[in-house]
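First the structure, in the form of structure tokens, and then the observations on it.
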Amino acid sequence: NRGETPRTYTFEIPDVASIRGGEQELVVEGGTSGIAQFELFSTRDAFERGRRAVDVRVTDGVDFDRTVECTLMGPFGGSLD
């Protein structure tokens, strides 16, 4: 947060099966930074060659709005049958 007042950052990850751990919201005091930790889970068939790209949107609802691509590591896909 490069500003002088606290900002609340939210995280949106629309295309994952579930999110566990941590909060999808992070309050960061002015002039400081913060770390948000959470686990993303997806269905087996969403992975291709053990990887899956997901977009994570981070916004403070004021003037910060970024979408970053993250790679999930997982199974090579397909069914277990």
Side-chain angles (χ1 to χ4, degrees):
N1 179 1
R2 294 181 180 166
E4 295 180 12
T5 59
R7 294 276 175 101
T8 300
Y9 295 88
T10 58
F11 305 90
E12 298 173 12
I13 307 111
D15 295 327
V16 295
S18 66
I19 301 169
R20 289 190 224 157
E23 298 293 324
Q24 289 179 292
E25 203 172 81
L26 177 68
V27 177
V28 180
E29 295 298 321
T32 67
S33 61
I35 297 174
Q37 295 181 2
F38 40 83
E39 296 175 273
L40 306 177
F41 294 86
S42 189
T43 59
R44 171 182 276 290
D45 60 348
F47 290 87
E48 184 176 323
R49 299 186 56 147
R51 296 174 184 253
R52 178 176 184 215
V54 295
D55 289 331
V56 178
R57 180 178 179 222
V58 183
T59 182
D60 68 0
V62 180
D63 59 3
F64 184 88
D65 192 333
R66 301 277 193 299
T67 300
V68 294
E69 184 178 272
C70 296
T71 302
L72 302 182
M73 305 302 286
F76 271 73
S79 104
L80 293 174
D81 298 331

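Fair warning: this is a prediction, and the values are worked out from it, not measured in the lab.
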Got a second to check how far Thr32's OG1 is from Arg7's CZ, nearest 0.5 Å? 12.0 Å

Any idea which heavy atoms bring Arg44 and Pro75 closest together, and the distance? NH1-CB, 3.1 Å

Check whether any side-chain heavy atom of Val68 lies under 4.5 Å from a side-chain heavy atom of Asp55, and answer yes or no. no

Same apolar cluster (I L V M F W Y, side chains within < 4.5 Å links), Val27/Val58: no

Step by step, would you call Leu40 with Val54 a side chain to side chain contact (heavy atoms under 4.5 Å, CB included)? CA-CA 9 Å; Leu40 306 177; Val54 295; 4.1 Å; yes

Any chance you could measure Tyr9, atom OH, to Glu25, atom CD, to the nearest 0.5 Å? 12.5 Å

Per the salt bridge (charged side-chain N to carboxylate O under 4.0 Å, His left out) rule, what does the pair list look like for residues 64-73, sequence neighbours excluded? Arg57-Asp65

What is the distance from atom CD1 of Ile19 to atom OG of Ser42, rounded to the nearest 0.5 Å? 11.0 Å

Taking the six-membered ring for Trp and the full ring for Phe, Tyr or His, determine whether the centres of Phe76 and Phe47 are under 6.0 Å apart. no

Assess Arg20 against Phe41: is NZ or CZ under 6.0 Å from the centre of the six-membered ring, and within 45 degrees of the ring's axis? yes

Taking the side chain from Asn1 and the backbone from Glu4, do they hold a donor-acceptor pair closer than 3.5 Å? no

Sorted by chain and number, sequence neighbours left out, side chain to side chain donor-acceptor pair (under 3.5 Å) with Thr59 holds for none

Taken to the nearest 0.5 Å, the spacing of Arg52 CZ from Cys70 SG works out to 12.0 Å

